[in-house]
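The first residue of the sequence shown is numbered 1, and numbering continues consecutively from there. Hydrogens, waters and symmetry mates play no part in the numbers below; they use all other heavy atoms, side chains included. Values in this document were obtained by computation on a predicted structure and should not be read as measured data. Whatever order the structure lists ligands and atoms in, that order sets their numbers, starting from 1.
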Amino acid sequence: MEKKEKSQAQKLSDKLISNHRNGGLILSDEKLKKADKFCEGYKEFLDKAKTEREAVIETVAMAQKHGFEEYVQGKKYEQGDKFYFVNRGKAVILTVMGKKPLSEGIRLAAAHIDSPRLDLKQNPLYEDQEIALFKTHYYGGIKKYQWTAIPLSLHGVIIRADGEKITVNIGEDKNDPVFCVTDLLPHLATAQMKRTPAELIKGEELNILVGSRPFKDDDISNKVKLNIMAILNEKYGIVEDDFISAELEAVPQFKASDVGFDRSMVGAYGQDDRVCAYTALEAILKCKAPKHTCMTVLTDKEETGSDGNTGLNSSYLPYFITNLAKTYGLEGYNVISATECLSADVNAAVDPTFPDVTEPRNSSRINYGVVATKFTGSRGKSGTSDASAEFVGRVRRLFDKNGIIWQTGELGKVDMGGGGTVAQYIANLDMDVIDVGVPVLSMHAPFEVTSKIDVYMAYKAFSVFFAD
Ligand code: MN
Ligand code: MN
């Protein structure tokens, strides 16, 4: 067919009117294959790193394979040197020294590796109706009803009375048992279904089923509980009081999977924000001889507001940069002020089943690439850093110049709700920062969905930022 000459209006429209398109229409088949292949490694990471502690262990193992060494405070590093610093086993900073002096600032990517889940209480184990259960206190923002009647695995650490640390990971291996929160059968749920959705399952009803067989004895009460403690004592050498000094997290047991007949999407637990953690990690692992010093920080506690000594509202990141700066005779705050940051976190993708909560002109869509979010927050931009037009312009030019498929997106309609990221805490340090990440469907649900194109574009976006 003969190609029709474009009309004057079409030419003008091409020039003047915004035309972001589905990445599936833009990328060559070869690039699409690359995106799919990249996500194979991503899915493996998701299965190995279901908690912040496991994400740190996996990150360090991957970093060591790529020649990163453990950071030595006071050491003067040369350009091209690669090192990692672990904060209390729950956060990690990876650095590649650049050609330019540190006084010209750092290219920083910051993602979080904690995800919503059910934490065990400090006195978790009890028996009721000859059934043993764990009491929980949920972590992060969840719709509680989503966490019933799905298989859960248990991850974390127990510090015994003798000080020994026991690592727990049970439910992931195919020979392991799993756990679950029970829910009421519909036949008897008449009263439950009259509750408001927020109370459909109450916080104190998120009790995890852990056993039902009694210890064979006629005298003692709570025989099922005793039997569970006997099993735990044999396996881990623990007694009940050891739970007090434990951090045990119940997370969805299922593995990461391809979603859709076309396998275009990834479904898994904890993609907020391990999708940005993995892509920012891969970008720094592959970062070679950068101009500026590059850094990826994978942090904890974002889902509970970034407070605590492993969250980005603490001083561990500025302290680390200050220590590094000192070895070159520089003031830490000067390096921090010259630093640029991509706050790598997810955004809410438009959901065709629930379009009313998003404003179509200003919301992210899956397959439209990585999302640059100028501001988050809620109720009149409260609780946000709001990147400057200058810095958005800088990131926009960088992405366009390097063929990154990207879009802008706001977290839902005005006054519909909202949320925050680590960007505000980074901005408060006097850095330029903008949120850049992957659009997600079913965010904070036990099974979240992302598009492989967007995951790959996030990796590309962090890579070009590091190379710039
Ligand atoms: Mn997040
Ligand atoms: Mn989140």
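Annotation: side chain to side chain donor-acceptor pair (under 3.5 Å) contacts involving residues 343-355, sequence neighbours excluded, comprise His112-Asp345, Ser343-Asp435, Asn347-Thr373.
Annotation: cation-pi pair Arg117/Tyr139 present, NZ/CZ under 6.0 Å from the ring centroid and within 45° of its normal.
We find the CG-CD distance between Asp183 and Glu205 to be 8.5 Å, quoted to the nearest 0.5 Å.
Environment of NZ in Lys121: crowded, with over 12 heavy atoms of neighbouring residues, nucleotides or ligands closer than 6.0 Å.
Within the 6.0 Å centre-distance limit, the rings of Phe243 and Phe134 are counted as a close aromatic pair. Checked against the 6.0 Å centroid criterion, the rings of Tyr42 and Tyr278 qualify as a close aromatic pair.
Near the Mn ion (ligand 2), less than 2.8 Å away, sit the protein N, O or S atoms Asp272 OD2, Glu303 OE1, Glu303 OE2, His444 NE2.
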